Each structure stands twice: as C-alpha cells, then as structure tokens.
Amino acid sequence: QVQLVESGGGLVQAGGSLRLSCAASGTIFGINNMGWYRQAPGKQRELVATVNSGDNTNYADSVKGRFTISRDGAKNTVYMQMNSLKPEDTAVYYCYANVWQSVYRIRSAGYWGQGTQVTVSS
C-alpha cells in the first residue's frame, strides 16, 4: 500500500508563484515515475508535468517555461515550482506515482494523491 501526501496549494495573484510537494510512503520498491495532473471544474483531468527515475521531464505545452518539476529519490518526493501563474492555472492538482511492486521491478502500479487546490486570481 502506498500513500501520497500533497502540500503547497493555495491562493495566489496572477504572476505569483507556488511550490507543490508530494511525498510517497508505504511499500515502495522504487518509483518508476511521478508527476502532477490537474482538473478544473467541468474539464477533463490533464497531465501537467512528469519526471521519471532518470530525471527525464515532460510538460504540457501550456506550462512550458513557467513550471519546473523535480524529484528527490531518497525521499520519494516530487516537487513542482510554478511561476508566472495565470488564472487559467486554477484547478485541483493531483500527485501521481507509478511504483514498482517488487525488488525485481517487473510489475508496477499507479497511485494518486487526494488533490490540492490552486487558485490564481486576476
């Protein structure tokens, strides 16, 4: 069993910054990748950014140049620095982790955090 605990959401004015954190705990035989997704009211959940165990990153076009994802493998933690925030970034942000299920790292499973609200005012 794996738990993901998120922090760092809140209310910020347009142009401001926030830093999200997500720590994974439980039975973890290594993490294949972690990332952040977001969902605004009436919209589909969408990928924001991911980082894998080799520190390769992937970003949605809408956040490139503004958001930076990083990880701390020793702490099983992923971070996302969000700069130059826009009202359209307002959403619930969900942490995701794909976790290896054994020391042999053949099978993996996905886990989701509870979500943290990010609100950007004009």
Side-chain angles (χ1 to χ4, degrees):
Q1 296 180 336
V2 175
Q3 303 288 331
L4 303 180
V5 179
E6 300 157 323
S7 63
L11 175 64
V12 66
Q13 289 186 291
S17 298
L18 288 172
R19 180 174 167 87
L20 304 183
S21 300
C22 173
S25 62
T27 304
I28 298 173
F29 296 95
I31 296 176
N32 188 28
N33 62 78
M34 299 184 76
W36 293 93
Y37 293 70
R38 67 186 181 187
Q39 187 168 22
K43 303 280 286 185
Q44 298 264 29
R45 186 175 298 187
E46 64 176 352
L47 184 148
V48 179
T50 61
V51 59
N52 68 11
S53 60
D55 285 322
N56 295 306
T57 58
N58 183 48
Y59 297 92
D61 287 342
S62 60
V63 307
K64 286 181 179 177
R66 300 189 297 122
F67 293 8
T68 303
I69 190 169
S70 61
R71 70 179 186 93
D72 185 332
K75 297 180 179 179
N76 290 323
T77 298
V78 64
Y79 307 93
M80 188 163 68
Q81 179 68 40
M82 305 187 294
N83 297 328
S84 301
L85 283 161
K86 304 175 180 179
E88 50 262 46
D89 295 318
T90 296
V92 177
Y93 284 70
Y94 296 91
C95 180
Y96 171 84
N98 186 258
V99 179
W100 294 111
Q101 298 297 287
S102 79
V103 68
Y104 303 105
R105 301 188 177 185
I106 297 171
R107 296 172 296 165
S108 65
Y111 299 89
W112 291 94
Q114 79 286 352
T116 184
Q117 178 70 47
V118 171
T119 302
V120 184
S121 62
S122 301

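Quick caveat: nothing in here was measured; it's all calculated off a predicted structure.
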Output for pair (Gln114 CD, Cys22 SG), nearest 0.5 Å, gives 8.0 Å
Rounded to the nearest 0.5 Å, what separation is found between the CG atom of Asp55 and the CD1 atom of Ile69? 10.5 Å
Identify the heavy atoms of Leu4 and Cys95 that sit nearest to each other, and give their distance. CD1-O, 3.7 Å
If you count heavy atoms of other groups shown closer than 6.0 angstrom to CD of Gln39, is the number above 12? yes
Which heavy atom of Ala14 sits nearest to which heavy atom of Ser122, and what is that distance? CB-CA, 4.4 Å
I need the minimum non-hydrogen distance between Gly30 and Arg105, along with the two atoms involved. CA-NH2, 3.7 Å
Please find the pair of heavy atoms, one from Gly115 and one from Glu6, that lie closest to each other, and give the distance. N-OE1, 2.6 Å
Side-chain heavy-atom pair Leu18, Phe67 within 4.5 angstrom cut-off: no
Can you measure from CH2 (Trp100) to CD1 (Ile28) and round to the nearest 0.5 angstrom? 14.0 Å
Looking at Asp89 and Lys86, is there a salt bridge between them, counting it only when a charged N and a carboxylate O are closer than 4.0 Å? no
With rounding to the nearest 0.5 Å, note down the distance linking CE in Met80 to CZ in Arg38. 8.0 Å
Nearest-0.5 Å distance, CD of residue Gln81 to CG of residue Leu20: 9.0 Å
Could you tell me if the side chain of Tyr59 sits less than 4.5 Å from the side chain of Thr68, heavy atoms only? yes
Without hydrogens or angle criteria, can the side chains of Thr50 and Asn33 be said to hold a donor-acceptor pair below 3.5 Å? no
Which side chain to side chain donor-acceptor pair (under 3.5 Å) pairs, counting each pair once, include a residue from residues 12-31, with sequence neighbours left out? Ser17-Asn83
Please report the interatomic distance CD1(Ile31) to CG(Asn52), rounded to the nearest 0.5 Å. 12.0 Å
Can you see which heavy atom on Asp61 is nearest to which on Lys64, and at what distance? OD1-NZ, 3.1 Å
Linking Ile, Leu, Val, Met, Phe, Trp and Tyr through side-chain heavy atoms less than 4.5 Å apart, which residues share a cluster with Tyr94? Tyr37, Leu47, Val92, Tyr96, Trp112
Do the side chain of Thr90 and the main chain of Val120 share a donor and acceptor less than 3.5 angstrom apart? yes
Treating Ile, Leu, Val, Met, Phe, Trp and Tyr as nodes and any side-chain heavy-atom pair under 4.5 angstrom as an edge, say whether Val78 and Tyr111 lie in one connected cluster. yes
Between Arg107 and Ser102, is there a donor-acceptor pair closer than 3.5 Å when you use the side chain of the first and the backbone of the second? no
So which heavy atom on Gly9 is nearest to which on Val118, and how close? CA-CG2, 4.2 Å
